[in-house]
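Sequence lines set the chain letters: A, B, ... in the order given, protein chains first and strands last, and positions in each chain run from 1.
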Number of protein chains: 2
Amino acid sequence: MISSIAELISDRIGAMPAGERRAAQTLIANYPLTGLKTVAEFSAAAGVSSPTILRFVARLGFQNYPEFQSALQDELAAQLQSPVSRTLNPGSTGGAVSPMLEATLDNLRETFRHLTDKQLADIAARLAERRGKTFLIGGRFTDPLARYMAAHLAIIQPDVYHLAGQESIWRDRLIDMGKRDILVIFDIRRYQESLVRFAEKAHQRGVQIILFTDQWLSPIARFARHVIAGRTAVPSAWDSSAALFVVAETLIGAVTRQLEAAGAKRIRELENLR
Amino acid sequence: MISSIAELISDRIGAMPAGERRAAQTLIANYPLTGLKTVAEFSAAAGVSSPTILRFVARLGFQNYPEFQSALQDELAAQLQSPVSRTLNPGSTGGAVSPMLEATLDNLRETFRHLTDKQLADIAARLAERRGKTFLIGGRFTDPLARYMAAHLAIIQPDVYHLAGQESIWRDRLIDMGKRDILVIFDIRRYQESLVRFAEKAHQRGVQIILFTDQWLSPIARFARHVIAGRTAVPSAWDSSAALFVVAETLIGAVTRQLEAAGAKRIRELENLR
DNA sequence: CAAAATAAGTAATATAAGATACAGCGCCCC
DNA sequence: GGGGCGCTGTATCTTATATTACTTATTTTG
């Protein structure tokens, strides 16, 4: 069974003429980068002419060069999405536990790899500046994440509202939203129509949207000022929201730190109220 | 200092017009693959026109699109050659992000290290056998976890109830609980009096309690049939519930697998109802 | 509220890329 | 040593890609 193009090449390299073999070796030498460049660059790197490169990819079974490049890109995409589980114990079939944990750890690392400190700091700063109100809402499975975040934010600052219940209820809250306000939305596949509609209307009112979504980006990304794309793939019938959960916790921590002075006072007051 | 294009983007994304920001977000979402495709494909993925993509790369300081692609390829080459530096964004050390992520990863590993497959399998089996009802409840910050778990379990099996609202409301539900029923409780410091009282009464009625708590164990552990102790320490003003969240997801997956036959039928029925 | 400035998209253009046809060369077998 | 076959490179053509110019829409500012 041949799964990667690299395997395919080493499988057939024996039956290739000299020029094409040089092409193959050049590609393997720093796989798959050379294959992502143009035919001209590839041919120069291999020291052969461009038609030889084209004959080479044709021999591998590709109709044309772009098709070959797409295949390489797909392969690369798969690799980049699960960097660890590829290198680590592919055969450890133990219980149902460790694959799930491994996948989640990968997801976390991958998610944060695409997130810079700057981005998070920007979002945290936006959440911390108390110009307007903060609304949070989530989809069917992600609404608990919105609640979780709201529960924390509501302690360190005023005017934090979780939008719960039926669509009609939160739709009516739109009237209270304006340019100075923030709307935090959690939406992963399958994306919810009602949320998209809501986001669009909020956007039209000038509300700044912070979106937590999966790597395929909810359509709400169109309206969002900030987008956090978490990895959700796990060996389960359900998608995992763990990565988004951890990003949310990280943001909560960052906002808390920024509001430390004001927040501490507020927390003391809250303690007294009990 | 800016070393990667991803950093460059998140550095300037704030100063970009809406269309270019969408391009930036799309690229970051699965970096760097989208940038290696053609302008037309990139623009389609981002939902903008091709000139917007070109303006976007121009704003990043590149003379033209091929130059931008070359830069991405060079970066990719560097990454692929040193697999270690790939695990984490090299620029994100020292920021507020990576300590939080590191701590969370540690927490996950530690939590699962003290959790055997057997334990999880037992709990999953108990949740899967449909003898009685399943109730879920959480504390101030952990209630969203109870909701999250309930949202999933309620789809694959009947009689799953999340206990929400005021104490008096769920206290009254005790009357419906008996020996055949399960109560899943989430409780981390500072442990909630009301939850402890509730757990005790449920225990007296013979309800089997599954407790998600932190490593110092909520007093509810006295009454619990199964205890899951997650690590919660992170460099933040708040405790982290991420480890418990992932355990919950793992259990959801395991229960789903056990109920696969019955669950699949149920899910189909649910789809039809919509 | 009006005018200016800025963005975004459409359509046309220029350019660079991949594909093809053909000729030369070397190699192997007879 | 001669004839045939196969591989490789050069030059040309075609395709499709990036780019630019221009128009329309949107946002900002006085």
**Message:** So if I take every side-chain heavy atom of A:Pro17 and compare against D:dT8, C:dA19, D:dT19, which nucleotide ends up nearest?
**Reply:** D:dT8

**Complete:** Per atom distances to the B:Leu54 side chain, the nearest of C:dA8, D:dA18, C:dG9 is D:dA18

**Asked** Considering only side-chain heavy atoms of A:Tyr65, which listed nucleotide, D:dG9, C:dA8, C:dG18, is closest?
**Response** C:dG18

**Message:** Pick the closest DNA chain D nucleotide for A:Arg59 and for A:Pro51 by heavy atoms, then say which residue is nearer the 5' end.
**Reply:** A:Arg59

**Fill in**
From CZ of B:Arg55 across to C1' of C:dA8 the rounded distance in Å is 6 Å

**Asked** Nearest-Å distance, CZ (B:Phe56) to P (D:dT19)?
**Response** 14 Å

**Bend angle of the helix from C:dC1-D:dG30 to C:dC30-D:dG1, end axes from five pairs each (to 10°)** = 30°

**Message:** Can you work out whether B:Gln63 or A:Arg22 has the more 5'-proximal nearest nucleotide on DNA chain D?
**Reply:** A:Arg22

**Prompt:** Does atom CD1 of A:Ile169 have more than 12 heavy-atom neighbours, drawn from other residues, nucleotides or ligands, at distances under 6.0 Å?
**Reply:** yes

**Request:** Nearest whole angstrom, please: distance from the P of C:dA17 to the CD of A:Glu41.
**Result:** 7 Å

**Flag, side chain of A:Tyr161 to backbone of A:Thr134, donor-acceptor distance under 3.5 Å** = no

**Request:** Round to the nearest Å and state the distance from B:Leu36 atom CG to D:dT17 atom C1'.
**Result:** 16 Å

**Asked** Rounding to a whole Å, what distance do you find between A:Arg222:CZ and D:dT26:P?
**Response** 12 Å

**Request:** Among the candidates D:dG9, D:dA18, C:dA19, find the nucleotide nearest to the side-chain atoms of A:Asn64.
**Result:** C:dA19

**Prompt:** Across the strands shown, which category fits A:Thr38 at heavy-atom distances under 4.0 angstrom: base, sugar-phosphate, nothing?
**Reply:** sugar-phosphate

**Request:** State which of D:dG9, C:dG9, D:dT19 makes the closest approach to the side chain of B:Ser49.
**Result:** C:dG9

**Item:** A:Glu20 bridged to A:Arg59 by N-O distance under 4.0 Å
**Value:** yes

**Message:** A:Ala221: which residues meet the side-chain contact (heavy atoms from CB on, under 4.5 Å) condition with it, sequence neighbours left out?
**Reply:** A:Leu211, A:Leu217, A:Val227

**Item:** Spacing of B:Gln69 atom CD relative to C:dA17 atom P, expressed in whole Å
**Value:** 11 Å

**Request:** State plainly whether the residues A:Glu167 and A:Arg197 are in salt-bridge range, i.e. N to O under 4.0 Å.
**Result:** yes

**Item:** Separation of atom NZ in A:Lys37 from atom C1' in D:dT17, rounded to whole Å
**Value:** 18 Å

**Asked** Can a salt bridge be assigned to the pair A:Arg189 and A:Asp239 using a cut-off of 4.0 Å between side-chain N and carboxylate O?
**Response** yes

**Asked** Reckon A:Thr52 has a side-chain N or O less than 4.0 Å from the OP1 or OP2 of D:dG9?
**Response** yes

**Prompt:** Please give, in whole Å, the distance from C:dG18 P to A:Phe62 CZ?
**Reply:** 15 Å

**Request:** Return yes if a side-chain donor-acceptor contact under 3.5 Å exists between A:Thr38 and A:Glu41, otherwise no.
**Result:** yes

